[in-house]
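Encoded as structure tokens, the structure appears first; notes follow it.
Being a predicted model, the structure only gives us computed values, none of them experimental.
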Amino acid sequence: QVQLVESGGGSVQAGGSLRLSCAASEYGFSTNRMAWFRQSPGQEREGVAYIDRPSGTTIYADSVKGRFTDSQDNAKNTVYLQMNSLKPEDTAMYYCAAGLRTGGVWSSPSNYAYWGQGTQVTVSS
């Protein structure tokens, strides 16, 4: 019953910025921990960023650390992924996820119960 609606994708030149949004239909146990994943054709889905919403604690993949920032607006029940200094290798479909199983590793897609529809990010050189 949890719904996640993503937005903010688009095309940008290398070095540019985008901000992705993921609006959740509810806030509760299932949406306390949310993550961003990305996937390119022919590749596995990759964990990008994670946020524990009650504490604000974040985790980032090494490939995006220092460039991407995960944040939230509790009034809007929305999480954001601010992406700066974008590189062509960041090109992918980006998904937000929720419903992390208890004890599950944040970066494993199989541990999440709910997914957004995806938003395309394309970075040109």
Side-chain angles (χ1 to χ4, degrees):
Q1 62 184 18
V2 174
Q3 296 185 79
L4 306 174
V5 180
E6 299 171 340
S7 62
S11 297
V12 65
Q13 292 183 329
S17 299
L18 287 171
R19 188 178 74 161
L20 307 184
S21 299
C22 178
S25 61
E26 64 182 66
Y27 181 83
F29 182 80
S30 295
T31 52
N32 279 348
R33 296 164 295 280
M34 298 179 64
W36 292 93
F37 289 79
R38 65 187 182 187
Q39 187 170 24
S40 299
Q43 299 188 20
E44 295 183 346
R45 192 162 295 189
E46 173 191 20
V48 176
Y50 166 90
I51 183 167
D52 177 86
R53 298 180 65 191
S55 69
T57 300
T58 55
I59 304 174
Y60 301 94
D62 288 341
S63 60
V64 306
K65 196 170 299 180
R67 300 188 297 119
F68 291 11
T69 303
D70 208 357
S71 63
Q72 64 181 320
D73 184 339
N74 287 328
K76 297 180 179 180
N77 202 13
T78 299
V79 296
Y80 303 96
L81 185 67
Q82 179 67 46
M83 305 184 295
N84 297 327
S85 301
L86 283 163
K87 305 174 181 180
E89 50 262 46
D90 294 319
T91 295
M93 185 74 77
Y94 283 71
Y95 302 88
C96 64
L100 178 63
R101 65 167 63 241
T102 300
V105 177
W106 78 268
S107 56
S108 297
S110 62
N111 287 333
Y112 292 86
Y114 308 105
W115 293 86
Q117 81 283 1
T119 184
Q120 178 68 38
V121 171
T122 302
V123 184
S124 60
S125 60

- [ ] Kindly indicate whether a cation-pi arrangement holds for Arg38 with Tyr94, taking the cut-offs as under 6.0 Å to the six-membered ring centre and within 45° of the axis.
- [x] no

Any side-chain heavy-atom pair of Arg53 and Thr31 under 4.5 Å: yes

Residue set satisfying salt bridge (Lys or Arg N to Asp or Glu O under 4.0 Å) with Glu89, at least two apart, ordered chain then number -> none

Find out whether Val2 and Glu26 are in side-chain contact, i.e. whether some heavy atom of one side chain is under 4.5 Å from a heavy atom of the other.
yes

In short, Ile59 meets Trp106 closest at the heavy-atom pair CG2-NE1, 3.6 Å

What I'd like to find out is whether the side chain of Asn84 reaches to under 4.5 Å of the side chain of Phe68, using heavy atoms alone. no

Check: Is there a side-chain contact between Asn32 and Tyr27, using heavy atoms and a 4.5 Å cut-off?
Finding: yes

- Is there a donor-acceptor pair closer than 3.5 Å between any side-chain N or O of Ser25 and the backbone N or O of Gln3? yes

Notebook entry, point to check: Is it true that Phe37 and Tyr112 have ring centroids separated by less than 6.0 Å?
Noted result: yes

Requested in this report: Taking the side chain as every heavy atom from C-beta outward, state whether Trp36 and Val79 have any pair of such atoms under 4.5 Å apart.
Outcome: yes

Show your reasoning for whether side chain to side chain contact (heavy atoms under 4.5 Å, CB included) applies to Met34 and Leu4. CA-CA 10 Å; Met34 298 179 64; Leu4 306 174; 3.9 Å; yes

Rounded to the nearest 0.5 angstrom, the OH-SG distance for Tyr114 and Cys22 is 13.5 Å

### Task
Decide side-chain hydrogen bond (donor to acceptor under 3.5 Å, both in side chains) for Thr57 and Ser55; before the verdict, give the C-alpha distance in whole Å, the side-chain angles of both, and the deciding distance to 0.1 Å.
CA-CA 5 Å; Thr57 300; Ser55 69; 2.9 Å; yes

Side-chain heavy atoms of Tyr80 within contact of Asp73, under 4.5 Å
yes

Between Thr58 and Asp70, the two heavy atoms sitting closest are CG2-O, 3.7 Å

Closest heavy-atom pair, Ser85 versus Ser17, reported as atoms and distance to 0.1 Å, is N-OG, 4.3 Å

Correct closest heavy-atom pair for Ser21 and Thr78 would be CB-CG2, 4.2 Å

Note to self: Could you tell me if the side chain of Thr69 sits less than 4.5 Å from the side chain of Leu81, heavy atoms only?
What the structure shows: no

So CG of Asn77 and CD of Gln72: to nearest 0.5 Å the spacing works out to 9.0 Å

In short, Leu18 meets Val121 closest at the heavy-atom pair CD1-CG1, 3.9 Å

